[in-house]
Amino acid sequence: MARKRILITGAAGFLGSHLCDRFINEDFHVIAMDNLITGDLRNIEHLFKLENFEFYNHDVSKFVHIPGELDYILHFASPASPIDYLKIPIQTLKVGSLGTHNLLGLARAKNARMLIASTSEIYGDPSVNPQPEEYWGNVNTVGPRGVYDEAKRFQESITMAYHTFHGVETRIVRIFNTYGPRMRLNDGRVLPAFIGQAIRGEDLTVFGDGSQTRSFCYVSDLIEGIYRLLFSDYAYPVNIGNPSEITIKQFGEEIIKLTGTKQKMIFKDLPVDDPKQRRPDITKAKELLGWEPKVSREEGLKITYEYFKSLPTDVLEKVEHKDFTTYNK
Ligand code: UDP
């Protein structure tokens, strides 16, 4: 039987590359696409030798052409950290809106099922905790995170419109903070920031007083949730994340213990519109997909630390700190 064909956008990124691995392992023909603004080919270069893998260097906010049949599309192309939104706000808006529109058009033309990567950011700075899918969010349209949040909200709307109006088979995953190997060391996110600082012997920069919370999901758990959602028959959004909630200060303490660094935490201004709390309500994922996370933070952080330690020293050392200062203003 011919292999099923799946297009994965953002394939050279953190999540995209793990999805490529998963679908290659499931014996799919993987068509990987990335324009490499934030992605890194090193994340997928081990796949280039395979006959069931191909790569296109393309920006999905421009017309997307894929020869031949297509069974599935996973749209994971997007900058995904607050530092990136500040650096490339227009591309962030375009890939979530125009990019999604192009891919929905492709899905319709090929009769493919499409899953889009949405985000807990659509809940903004939430006034309910944990956040169920029914919560509508509290988002500042014109704040620094608005370019991402609103693009993702539009992305969900246009995806539902293609589903109801054109009958395209669609799936929407709302992804909460996820970590693991292949995160970009300099993307400004808290985990690579803290681990990078510990490895370089610098103090850990906690933003605000560190009382804001996040709930961190290990990447293999997330990928399993996405895999199950794709093959489910549920078109409405589903939260996938780890409900184990922790303050950023406690998280810093865990990183200090894990890495054995002698450095301390230092406190900087809290970035504008930084959500005070975030934790997924995963009742839906449990009921619909029989999914829940399996990897504890202790286990996941250990693997991730080993990964960062294995990076070449020049990669570890060349992190730019200017970005953090701009971000905090
Ligand atoms: N954060 C921090 N120090 C850093 C980077 C981030 O204290 O060097 C905080 C940030 O203010 C936020 C949390 O850690 O409250 C998570 O930030 P991240 O950028 O990883 O993701 P977010 O969940 O805010 O999108």
Side-chain angles (χ1 to χ4, degrees), residues 1-61 64-81 84 95-96 99-100 102-103 106-107 110 112-119 155 170-173 175 178-185 187 189 192 217-232 240 291 295 300 303-304 307-308 310-311:
M1 208 178 67
R3 284 188 175 111
K4 292 283 184 197
R5 290 161 59 83
I6 186 164
L7 169 66
I8 302 179
T9 74
F14 167 44
L15 298 180
S17 67
H18 285 284
L19 287 166
C20 287
D21 284 340
R22 174 68 187 253
F23 282 89
I24 288 286
N25 288 339
E26 302 283 349
D27 204 31
F28 278 68
H29 181 89
V30 172
I31 302 159
M33 188 172 281
D34 205 300
N35 67 351
L36 304 175
I37 317 190
T38 57
D40 187 336
L41 279 183
R42 280 174 297 193
N43 290 334
I44 46 172
E45 87 192 338
H46 57 286
L47 301 175
F48 276 69
K49 59 181 183 293
L50 304 175
E51 47 129 5
N52 55 330
F53 180 83
E54 54 187 307
F55 177 75
Y56 289 85
N57 184 338
H58 180 70
D59 176 355
V60 295
S61 53
V64 182
H65 176 70
I66 299 290
E69 290 180 12
L70 204 54
D71 301 292
Y72 299 98
I73 300 174
L74 303 182
H75 183 23
F76 278 69
S78 178
S81 86
D84 289 339
V95 72
T100 305
N102 288 335
L103 292 165
L106 181 68
K110 301 277 186 183
R113 179 180 297 187
M114 173 153 151
L115 180 146
I116 58 146
S118 187
T119 164
Q155 180 182 46
T170 54
R171 304 289 179 267
I172 300 174
V173 58
I175 299 171
T178 301
Y179 68 98
R182 301 185 190 154
M183 281 189 104
R184 236 167 66 225
L185 191 65
D187 77 356
R189 290 193 162 277
C217 184
Y218 187 66
V219 62
S220 60
D221 282 332
L222 181 91
I223 300 297
E224 180 61 30
I226 290 168
Y227 190 81
R228 289 186 190 202
L229 178 61
L230 178 66
F231 297 110
S232 77
I240 300 283
W291 175 89
V295 182
I303 305 169
T304 310
Y307 165 77
F308 280 118
S310 74
L311 293 177

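Heavy-atom basis, side chains included; hydrogens, waters and symmetry copies ignored. The chain is numbered in sequence order, starting from 1.
- Residues P192 and L185 approach most closely at CB-O, 3.6 Å, considering heavy atoms.
- With contacts defined as side-chain heavy-atom distances shorter than 4.5 Å, the pair R22/E224 qualifies.
- The SG atom of C20 sits 9.0 Å away from the CG atom of D34 when rounded to the nearest 0.5 Å.
- S81 places a side-chain N or O within 3.5 Å of a backbone atom of D187 that can act as its donor or acceptor partner.
- Counting heavy atoms from C-beta outward, F55 and L47 have side chains that stay 4.5 Å or more apart.
- How far CZ of R113 is from CD1 of I6: 10.5 Å, rounded to the nearest 0.5 Å.
- If you take CG on L7 and CE on M33, they are separated by 5.5 Å, rounding to the nearest 0.5 Å.
- Inter-residue side-chain proximity for H75 and V95 is flagged as met; some heavy-atom pair is nearer than 4.5 Å.
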Could you walk me through whether D21 and R182 pass the side-chain contact (heavy atoms from CB on, under 4.5 Å) test, one step at a time? CA-CA 12 Å; D21 284 340; R182 301 185 190 154; 2.8 Å; yes

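- Heavy-atom neighbours of E69 CD from other residues, nucleotides or ligands within 6.0 Å: at or below the threshold of 12.
- Looking only at side-chain heavy atoms (C-beta outward), T178 and F14 come within less than 4.5 Å of each other.
- Listed by chain and residue number, D59, K94, L98 satisfy the side chain to side chain contact (heavy atoms under 4.5 Å, CB included) test with S61 (two or more places apart in sequence, or in another chain).
- For the pair P67 and Y56, the tightest heavy-atom approach, listed with the atom from each and the gap, is CD-OH, 3.4 Å.
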Evaluation steps, side-chain contact (heavy atoms from CB on, under 4.5 Å), between M114 and T100: CA-CA 10 Å; M114 173 153 151; T100 305; 4.2 Å; yes

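- Nearest heavy-atom pair across L70 and A112 is O-CB, 3.5 Å.
- Judged purely by atom type and a 3.5 angstrom limit, K4 has no side-chain atom pairing as donor or acceptor with the backbone of D27.
- A 4.5 Å side-chain heavy-atom check between F28 and R3 finds every atom pair outside the cut-off.
- Using a 4.5 Å cut-off on side-chain heavy atoms (C-beta onward), L19 and I223 make contact.
- By the 4.5 Å heavy-atom criterion applied to side chains, V219 and M183 are not counted as neighbours.
- Of all non-hydrogen atoms in N35 and N57, the two that sit nearest each other are CA-OD1, 3.5 Å.
- A heavy-atom distance below 4.5 Å is found between the side chains of I175 and L15.
- Side-chain atoms of T9 come within 3.5 Å of backbone atoms of F76 as a donor-acceptor pair (strictly under, hydrogens ignored).
- Rounding to the nearest 0.5 Å places NE2 of H18 at 12.5 Å from CD1 of I8.
- Although no hydrogens or angles enter the test, the distance criterion places no donor-acceptor pair under 3.5 Å between the side chain of N102 and the main chain of V64.
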Just do the side-chain contact (heavy atoms from CB on, under 4.5 Å) check on T170 and I116 with the steps written out, would you? CA-CA 8 Å; T170 54; I116 58 146; over 6 Å; no

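- Residues forming a ring-ring contact (aromatic ring centres under 6.0 Å, His included) with Y227 (at least two apart in sequence, or on another chain): F23, F231.
- Between R171 and L230, the closest heavy-atom pair is NE-O, 3.8 Å.
- Scanning both residues, G180 and T304, for their nearest heavy atoms gives CA-OG1, 3.5 Å.
- Under the salt bridge (charged side-chain N to carboxylate O under 4.0 Å, His left out) criterion, R5 pairs with no residue at all, not counting sequence neighbours.
- Remark: the backbone N or O of D221 is paired with a side-chain donor or acceptor of W291 at under 3.5 angstrom.
- Separating the CD1 atom in I73 from the CG atom in L115 is a distance of 11.0 Å, to the nearest 0.5 Å.
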Walk me through it: do E54 and H29 pass the test side-chain contact (heavy atoms from CB on, under 4.5 Å)? CA-CA 8 Å; E54 54 187 307; H29 181 89; 2.6 Å; yes

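- Atom CD1 of I240 and atom CD1 of I226 lie 7.5 Å apart (nearest 0.5 Å).
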